[in-house]
Engineer: 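Have a look at this one before I ask anything.
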Amino acid sequence: MYIADVYVNLPVKSIAQAYSYIIPEDKLFLDAGWRVVVPFHGRATEGFILNKYEVESTDRPLKKITDVLDDEAWFPAEIIKAASKLATFYLCSLAEIMRLFMPGKSGAKISCVYEVNEEADSGCYSDGTAEKKILDFLHEYGNASKNKLKKLLPDAPVESVIEKMCRRDEIRRIYNVAKKSKERFEKYICPQIEITDTLIQEKFKGKPAQQKILRLLKDCDSVSLKYIKDQGISSVPLKALAEMNCIKYIEKRILRDSYQDFECEKNVKKIKLTDTQGKIIDSIRPHIDSKQYFMALLHGVTGSGKTQVYVELTKLARMQGRQVIVLVPEIALTGQIVKVFKQNFSEDIVVIHSQLSVSERNDSFYRFRHGQANIAIGARSALFLTPENLGLIIIDEEQDPSYKQDEAPRYHARVVAEMLAKAYNCTLILGSATPSLESYYQTQLGKIECFEMPERVGNRPMPKVYPVDMRMELKRGNRKILSNDMMRLIRETIQQGQQMILMLNRRGFSTFIMCRECGHVIKCPDCGLPMVYHKANTLMCHHCDTHLHPPSICPQCGSTYIRYFGSGTEKLEAELKELVPEARVVRLDRDTTQRKFSQTEILSAFSEGKYDILLGTQMVAKGHDVPNVTASGILSADAALNLPDFRAAERCFMLIAQTAGRSGRGEIPGKVLVQCYNPEHYAVQYACEQNYHAFFEHEIEIRKALYYPPFCRLIKLTFVGDTEDETRKRAESLKDKFVSYFSGRAEQQIIGPAPDTIPVFRGRYRYNLVIKAGKYLDTLQFMRENNLHEDTNVLIDIDPINI
Ligand SMILES: Nc1ncnc2c1ncn2[C@@H]1O[C@H](COP(=O)(O)OP(=O)(O)OP(=O)(O)O)[C@@H](O)[C@H]1O
Ligand SMILES: [Zn+2]
């Protein structure tokens, strides 16, 4: 007999293990990777098979697998291997990781109804009892759900009555398993005989409609019914042909792809690779051909032509018949790369974006799984496809924070990609103009190879970047968001018919609201963060999206001296309209891009020259390539420096360098102004020089001195509890254990406990401990021994983005 070890698809920390089930005789085809339905704690539950083995007999009281979800194994062996490693690394249950590889987190919708067991003796209930009413109802209607029975007997304890009757076997639970994704099929006809011209003319003489159908079918395998109907042919001749067995009806699965509307011109000009591009491709080619794991970082300045390198590497992998995943931070913002890939590979692409429905996602999975499309482009979720034969993963803008998922499991796409690349024996390429300190440090240690692209394509100069000291501006009496120099640059650029990008990394109008009388700041009732004023006369919490009406008097002291401070993109837009009314301005931030594809629309309108200025949050800083953009402006460039975060300088540097890099990509050199209060800060200075290496050398010394990543790994543990005291004490107690466990080991440190940035969320207190782990494996061991992986009141964040 065959046994399968099955992981149930419930992200519950306490059941993080596999359970054994018997594979029934009629389902012996089942194997590792299949999705099945199993009885689990009295319920039908979805699960996946980890492995299968044969035994002579078993005296364990094992249950049987009851149902199968798909026509094939959902998870290839490589995915199971990578997922197991990830579960260990992120200290979470395997189910949590495996769920990432299923659109909608599960494959089945399981519902339960009750039926009478006709063989049982249930004649003992007298009229009027709940039991009797339930039996009568089930007899009359065949079956009913629990909810229906509750409606039937609103005053009875239906739940416990049903429970009792099930135990006595008087009624039974019947589970209905429905697949979650609605696959769509279209009807086709295909020929069952060999169709020749003579056959059409002789045998079907005098039957023009049938002749027409046969002519359509003569040179192809199948024709859709819809097409036949569009030709004005009715169903009568079709029926006649089917009855004569000349044709048969079949169904084909239709695969939806809502990105297909974004087709673009196919006839691209042939690109001659630059020397640098050619050399890099030649160096990576043997690794792709060798089908061994290989990882490299492509460090190329903005506009150095990294995209073309990605395209060439993709061609190499495709020549080997292998599949490719290309990750970008946000698909709509990096439409550029999709466009270039579509031009090169047209039909071979699936685009995975956040606005796909579960069914569309399932269709994309299916196409990629079956090699109908072999290149997937998307945000981090595109990593969770289930390819047969993956040969290359590319992560563009690898430093982007959107690669970190901020809900459990809190994975980083770079880590997942590395595990997948190892499992599939494939090549992993990280690309960026401003790599994360972590990745660049790895290249310095020689752990991953580094390829440099120090110059722009065609020897175009890097833009000239100048800081503008806003303290001087204030002294001169200018209290506006835009400095005089910035105003001049805007006017000059527009007059010359060129375009400009303005970045202010805060959305909304005013960034906080304070009472001048008592100093009270209006905060979100849910998470305690300051509310941001938006022009539509609402206050919004940017953390949890709570909306409020702005108060006209201070809720604390009743005074009317309520003032609005700080500036966001809405205010900048208003100021621009007032100061430069002739400019055509378009704003790009979360608020202007709620609708499906609106980001793409704004960006294409801008690149077609319908606007002079694109202003927005960091969204305007990502990979856009518009040759007519000759100037960029960065406002409050160093605001990020004031945040209490060890990555503040790195973020500030990257934001300036990336935004600056959007300008001067065409014939005309770019000019960039950086408004800030700290022009002497090294992050601002090196960003203005666009000197990544100098910034890296400076920053890495600081990280080393303060013992921060990449010299250690951070782990944030958030303790959640009902009272402040109890929550803090739990954190303190774990800290004590940590200190004694690692007594005297300098490379294992722990900070805290301290209240979270959001100290109370939805009524629950939050305290953080931050571990600085020099030896991650030892720390994992410590966390496991203290059962943190099973504790639902501790949130674990490995490599947190914010601490
Ligand atoms: N070999 C080449 N010959 C001519 N033009 C090229 C070549 N390679 C790339 N380009 C062009 O150079 C421009 C910049 O390339 P690309 O957008 O790939 O830069 P990038 O390195 O990705 O920059 P960023 O980091 O700013 O996104 C593009 O317009 C691209 O078409
Ligand atoms: Zn909130």
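Both counts, for ligands and for their atoms, begin at 1 and track the order of listing. Predicted model, so just to flag it, every value in this text is computed and none were measured.
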Engineer: Counting from 1, what ligand 1 atoms have a heavy atom of Thr274 closer than 4.0 Å?
Structural biologist: 1 (N)
Engineer: Considering only heavy atoms of Lys272, which atoms of ligand 1 have at least one such atom less than 4.0 Å away?
Structural biologist: 1 (N), 2 (C), 3 (N)
Engineer: Quick check against the 3.5 Å criterion: does Lys306 have a side-chain atom that pairs as donor or acceptor with the backbone of Met453?
Structural biologist: no
Engineer: If you compare all heavy atoms of Lys342 against all heavy atoms of Ile349, which two are closest, and at what distance to 0.1 Å?
Structural biologist: N-CD1, 3.6 Å
Engineer: Any N or O of Gly303 that comes nearer than 3.5 Å to an N or O of ligand 1?
Structural biologist: yes
Engineer: Going by the order shown, which atoms of ligand 1 are within less than 4.0 Å of some heavy atom of Asp625?
Structural biologist: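 Once the distances to Asp625 are compared, the set is 13 (C), 28 (C), 29 (O).
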Engineer: Whether the Tyr440 and His693 side chains hold a donor-acceptor pair (N or O, under 3.5 Å, no angle test) is what I'd like checked.
Structural biologist: yes
Engineer: Step by step, would you call Gln442 with Glu438 a side-chain hydrogen bond (donor to acceptor under 3.5 Å, both in side chains)?
Structural biologist: CA-CA 6 Å; Gln442 293 299 309; Glu438 283 88 342; over 6 Å; no
Engineer: Counting both backbone and side chain atoms, is some N or O of Lys306 under 3.5 Å from an N or O of ligand 1?
Structural biologist: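 Yes - when backbone and side-chain N and O of Lys306 are compared with those of ligand 1, one distance drops under 3.5 Å.
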Engineer: Give a yes/no on ligand 1: does Ser304 have at least one heavy atom closer than 4.0 angstrom to it?
Structural biologist: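 A heavy atom of Ser304 does come that close to ligand 1.
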Engineer: Mind checking whether Met453 has a heavy atom under 4.0 Å from ligand 1?
Structural biologist: no
Engineer: Does Tyr708 have any ring-ring contact (aromatic ring centres under 6.0 Å, His included) partners at least two apart in sequence or in another chain, and if so, which?
Structural biologist: Phe646
Engineer: Identify, by atom number and element, the atoms of ligand 1 in contact range of Ile271, meaning under 4.0 Å from any of its heavy atoms.
Structural biologist: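 Reading through ligand 1 atom by atom, the close ones are 1 (N), 2 (C), 3 (N).
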Engineer: At a 4.0 Å threshold, what atoms of ligand 1 neighbour a non-hydrogen atom of Leu273?
Structural biologist: 1 (N)
Engineer: Going by the atom numbers of ligand 1, which of them fall below 4.0 Å from some non-hydrogen atom of Thr307?
Structural biologist: 16 (P), 17 (O), 18 (O), 22 (O)
Engineer: Output the list of atoms in ligand 1 that are nearer than 4.0 Å to some heavy atom of Gly305, sorted by atom number.
Structural biologist: 9 (C), 15 (O), 16 (P), 18 (O), 19 (O), 20 (P), 21 (O)
Engineer: Return yes if some donor-acceptor pair links the side-chain N/O of Asn505 with the main-chain N/O of Gln618 below 3.5 Å, else return no.
Structural biologist: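 Judged by distance alone, yes, a pair lies under 3.5 Å.
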Engineer: Would you name the heavy atoms of Ser432 and Gln399 that are closest together and state the gap between them?
Structural biologist: OG-OE1, 2.8 Å
Engineer: How does Gln658 reach ligand 1, by side chain, by backbone, by both or by neither, if only non-hydrogen atoms under 4.0 Å count?
Structural biologist: neither
Engineer: Please test Tyr441 against Phe711 for ring pair (Phe, Tyr, Trp, His ring centres under 6.0 Å), starting from the C-alpha separation and ending with a verdict.
Structural biologist: CA-CA 9 Å; Tyr441 186 64; Phe711 296 94; 4.9 Å; yes
